[in-house]
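Following: one structure in C-alpha cells, then a few remarks.
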Number of protein chains: 2
Amino acid sequence: MKVNYKIWLENEQGERVMGKGLLVLLSLIEQTGSINKAAKVLGMSYRAAWGKLNKAEEELGYDLIERRSGGRGGGGSRLTEKGNRLLDKFNKFSNKVDQELNTMFLDFFNK
Amino acid sequence: MKVNYKIWLENEQGERVMGKGLLVLLSLIEQTGSINKAAKVLGMSYRAAWGKLNKAEEELGYDLIERRSGGRGGGGSRLTEKGNRLLDKFNKFSNKVDQELNTMFLDFFNK
DNA sequence: AGACGTTATGCTATGATTGACATAACGAAA
DNA sequence: TTTCGTTATGTCAATCATAGCATAACGTCT
C-alpha cells in the first residue's frame, strides 16, 4: 500500500494553470532553447506541447515564454521573468509537498 | 491563485484502491444501508457505483462491503470490519493532508 | 405462488480528452 | 532568393472514461 497524488495551481476560475507536466516542459524549454526540442525529449508532439503552453498562458493572463520564429536556427523560445518565477516557486512547493506527504503517510499507515 | 489536488491509495501494482470518490460512496452505503440508495444520493447510477466497488475490492484483495440480495426490503449492504478500518484511516489521513497542504500553500504563495 | 427492492452484469451510446496530420509563416544567413 | 528549423493553428481520428439501458437472480414476506 502506498500513497500517490496530483497537485496543481488554479486561477480564480478554477482552470488549472500549472502542474507537473507543464513544470517539466518549461524546464526543458529553458534547457534546450525550443518548444520543439523539449517536446521531442518528452516524447510528445510539438502540437501537444504548444497547446499546453497556450492554454496555460491564456488562463494565467501573462506569457510564460518568449517565442521567436525565423532567423538562424529557425528561432526558439525561452522563459520570461514571470515564467521563471512561477516555475521556480511551483518546483519548490511541489518538492516540499512530496516530502511532507510521505511523512504523513508513514505516520498514518505504517504503524 | 489557489492550489488543488487529488490524493489516493495504491496497491503494489499501482492500481488505485481508495480515493475521495470511494470514500464518500462507502460512507453513504453505511448511512443508507444500500449501494442503490447511496448512488442515488450522489446522483450516480447504481451501475457506476457497483463498478467502482467491484474494482476496488478486486484490487485490494478483500471485501469492503457485505452484500445481501433478496429478503425483506430487497436486501442491502454494509461495511465489513476491514472496509470500515480503511475508510476511517483514509478519512483522517485526507483531512490531515487538506489541512497541511493549505498551510504550505499559504507559506509559499501568499507572501 | 407473487410481489418487491435490492444486488449482479453485459452491452451500447455518448462525450471528452488526446494525438496525429497537414500546412503556413517567419526571418537570418548563405 | 533559397534554405532551414522553428513557431503557429485548424482539422480530423482515435482512444478512453462515463452514463444509461436492459435483464437476471435473490430471498423474505404476504
Side-chain angles (χ1 to χ4, degrees), chain A residues 4 6 8 10 13-22 24-26 28-60 62-80 83, chain B residues 4 6 8 10 14-26 28-60 62-80 83:
Chain A
N4 206 344
K6 280 180 190 290
W8 63 90
E10 295 180 351
Q13 284 75 50
E15 301 162 319
R16 77 175 65 182
V17 295
M18 174 60 72
K20 207 160 253 176
L22 191 54
V24 175
L25 181 58
L26 288 174
L28 284 172
I29 289 175
E30 189 64 1
Q31 278 175 46
T32 62
S34 93
I35 300 174
N36 203 9
K37 284 177 189 150
K40 279 205 176 69
V41 172
L42 290 175
M44 76 166 80
S45 67
Y46 170 81
R47 184 65 179 80
W50 178 84
K52 253 192 180 194
L53 290 165
N54 259 33
K55 185 163 168 290
E57 288 185 332
E58 184 180 335
E59 290 170 357
L60 274 169
Y62 58 84
D63 287 351
L64 291 169
I65 57 179
E66 247 182 58
R67 296 137 160 193
R68 289 170 299 111
S69 79
R72 183 167 68 153
S77 298
R78 49 173 306 182
L79 292 192
T80 60
Chain B
N4 206 345
K6 280 180 189 290
W8 64 90
E10 295 181 352
E15 301 163 319
R16 74 176 66 181
V17 296
M18 175 59 73
K20 207 158 253 177
L22 190 55
L23 173 77
V24 175
L25 181 58
L26 288 174
L28 284 172
I29 289 174
E30 189 65 1
Q31 279 176 44
T32 63
S34 94
I35 300 175
N36 203 9
K37 282 177 189 151
K40 278 204 177 67
V41 172
L42 289 175
M44 76 166 80
S45 66
Y46 170 81
R47 184 64 180 80
W50 178 84
K52 254 191 179 195
L53 291 165
N54 259 33
K55 186 164 168 290
E57 288 184 332
E58 184 181 334
E59 291 169 356
L60 274 168
Y62 59 85
D63 287 351
L64 291 169
I65 57 178
E66 250 182 57
R67 295 136 161 194
R68 291 169 297 111
S69 78
R72 182 167 67 152
S77 298
R78 49 173 306 185
L79 292 191
T80 61

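Below, read A as the first sequence line, B as the second, and so on, with proteins coming before strands; counting in each chain starts at 1.
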**Rounded distance (Å) that lies between atom C1' of C:dT7 and atom NZ of B:Lys52** = 19 Å

Residues 30-37 of chain B side chain polar contacts: donor-acceptor under 3.5 Å, at least two apart:
{"residue": "B:Glu30", "atom": "OE1", "partner": "B:Leu79", "partner atom": "N", "Å": "3.1"}
{"residue": "B:Thr32", "atom": "OG1", "partner": "B:Leu28", "partner atom": "O", "Å": "2.8"}
{"residue": "B:Thr32", "atom": "OG1", "partner": "B:Ser34", "partner atom": "N", "Å": "3.4"}
{"residue": "B:Thr32", "atom": "OG1", "partner": "B:Ser34", "partner atom": "O", "Å": "3.2"}
{"residue": "B:Ser34", "atom": "OG", "partner": "B:Asn36", "partner atom": "N", "Å": "3.4"}
{"residue": "B:Ser34", "atom": "OG", "partner": "B:Lys37", "partner atom": "N", "Å": "2.8"}

**Qualifying residues under side chain to side chain donor-acceptor pair (under 3.5 Å), relative to B:Trp8, sequence neighbours excluded** = B:Glu10

**Asked** Closest approach of B:Ile29 and B:Ser77, non-hydrogen atoms and distance?
**Response** CG2-O, 3.8 Å

**Request:** Provide, to the nearest angstrom, the distance between the CD atom belonging to A:Glu57 and the P atom belonging to D:dT9.
**Result:** 11 Å

**Any residue meeting salt bridge (Lys or Arg N to Asp or Glu O under 4.0 Å) with B:Glu59, in chain and number order, not counting sequence neighbours** = B:Lys55

**Item:** Contacting residues from residues 33-41 of chain A, given that a heavy atom lies under 4.0 angstrom of DNA chain D
**Value:** A:Ser34, A:Ile35, A:Asn36, A:Lys37

**Sequence-distant partners of B:Lys6, salt bridge (Lys or Arg N to Asp or Glu O under 4.0 Å), two or more places apart** = none

**Prompt:** Rounded to the Å, how far apart are A:Lys55 NZ and C:dG19 C1'?
**Reply:** 16 Å

**Asked** Just how far, in rounded Å, is P of C:dT6 from CD of B:Glu66?
**Response** 18 Å

**Asked** How many Å lie between CG on B:Leu25 and P on C:dT7, as a whole number?
**Response** 11 Å

**Item:** Protein-nucleotide distance (A:Asn54, atom CG; D:dA8, atom C1'), rounded to Å
**Value:** 8 Å

**Request:** Mind checking salt bridge (Lys or Arg N to Asp or Glu O under 4.0 Å) for B:Glu57 and listing every partner two or more places apart, or none if nothing turns up?
**Result:** B:Arg67

**Item:** Derivation of the side-chain contact (heavy atoms from CB on, under 4.5 Å) call for A:Leu26 and A:Met18
**Value:** CA-CA 10 Å; A:Leu26 288 174; A:Met18 174 60 72; 3.8 Å; yes

**Item:** Sub-4.5 Å side-chain heavy-atom contact between A:Leu64 and A:Leu22
**Value:** yes

**Fill in**
The side chain to side chain donor-acceptor pair (under 3.5 Å) partners of A:Asp63 (sequence neighbours excluded) come to none

**Request:** Under the side-chain contact (heavy atoms from CB on, under 4.5 Å) rule, collect the residues that match up with B:Arg47, sequence neighbours excluded.
**Result:** B:Ser45, B:Trp50

**Prompt:** Rounding to a whole Å, what distance do you find between A:Tyr46:OH and D:dT9:P?
**Reply:** 9 Å

**Asked** Within less than 4.0 Å of OP1 or OP2 of C:dC21, is there a side-chain N or O belonging to A:Ser45?
**Response** no

**Message:** Generate the contact string for nucleotides 24-30 of chain C. Rules: B means base contact, S means sugar-phosphate contact only, - means no protein heavy atom under 4.0 Å.
**Reply:** --BBSS-

**Asked** Taking protein heavy atoms under 4.0 Å as touching, what does nucleotides 11-16 of chain D look like 5' to 3' if B marks base contact, S marks sugar-phosphate-only contact and - marks none?
**Response** B-----

**Complete:** Sorted by chain and residue number, the salt bridge (Lys or Arg N to Asp or Glu O under 4.0 Å) partners of B:Glu15 (sequence neighbours excluded) come out as none

**Nucleotide nearest B:Trp50 (side chain, heavy atoms from C-beta), chosen from D:dT9, C:dA8, C:dT7** = C:dA8

